[in-house]
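A short worksheet on the structure shown next.
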Amino acid sequence: MKTHVLPQLPYELDALAPAMSRETMEYHYGKHHQAYVNNLNNLLPGSGLEDASLEQIIVGAPQGGLLNNAAQVYNHTMFFLSLSPSAKKEPSGPLAEAIKRDFGSTEALRDQIGKAGAALFGSGWVWLARAKGGKLSLVSSPNAGNPLVQSLTPLLNIDVWEHAYYIDYRNRRPDFLTAIWDIVDWAAVEKRF
Ligand code: MN
């Protein structure tokens with residue numbers, strides 16, 4: 001059986017402050033993300049998906065704990081690896097062209113992500129995703145959702161579960177969705193694109 005592990009981060013836990021404090025990282029990465037990894041490893045034996053990749057589990061597992069925990073491992077790994085204390089603050093090259101084509105501008109895209117995140121009822125994720133033909137779109141997914149199940153390629157995701165912002169922003173989800181752009185590293189998104 002494949003054993004899933006918490007990914008190492010290329011920055012220190014206090015490096016994303018003030019947008020995301022050390023305490024938030026200690027809980028969100030150190031406890032929540034770790035718990036999803038542990039749950040996944042505990043649920044895999046006997047599932048028939050012991051050696052599957054996270055992507056294979058997300059598109060192939062039935063509704064339930066295994067699917068939810070595998071998706072949350074994937075989702076959090078993408079989220080934390082999209083952040084950097086030395087973030088590239090604007091996309092460039094082909095990604096910037098595609099954003100301009102499909103959203104008008106990067107500023108308009110950020111604004112739409114903020115609005116989608118504020119409007120998402122309860123826990124979930126807002127995604128920038130790419131369809132097979134190349135068109136970019138936003139996806140709002142509740143709970144552990146992931147655009148892979150819609151045959152879309154995830155490029156960027158923003159966690160809007162309360163655990164992502166409650167320590168630093170309390171109930172002010174929109175403030176979190178504004179501050180996050182200080183640490184979203186468009187270089188990471190360009191690589192996925
Ligand atoms: Mn989270």
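Both ligands and their constituent atoms are indexed starting at 1 by order of listing.
Tyr27 and His32 have their aromatic ring centers separated by at least 6.0 angstrom. Separation of the His76 and Tyr36 ring centroids falls under the 6.0 Å cut-off.
For the pair Arg172 and Tyr165, the cation-pi criterion (under 6.0 Å, within 45° of the ring axis) is not fulfilled.
Of all protein N, O or S atoms, those under 2.8 Å from the Mn ion (ligand 1) number 4.
A 6.0 Å sphere centred on CZ of Arg170 holds no more than 12 heavy atoms belonging to other residues, nucleotides or ligands.
Legend: residues meeting ring-ring contact (aromatic ring centres under 6.0 Å, His included) with Tyr169, ordered by chain and number and at least two apart, are Phe176.
Contact annotation: the side chain of His28 approaches that of Phe79 to within less than 4.5 Å [non-hydrogen atoms, C-beta and beyond].
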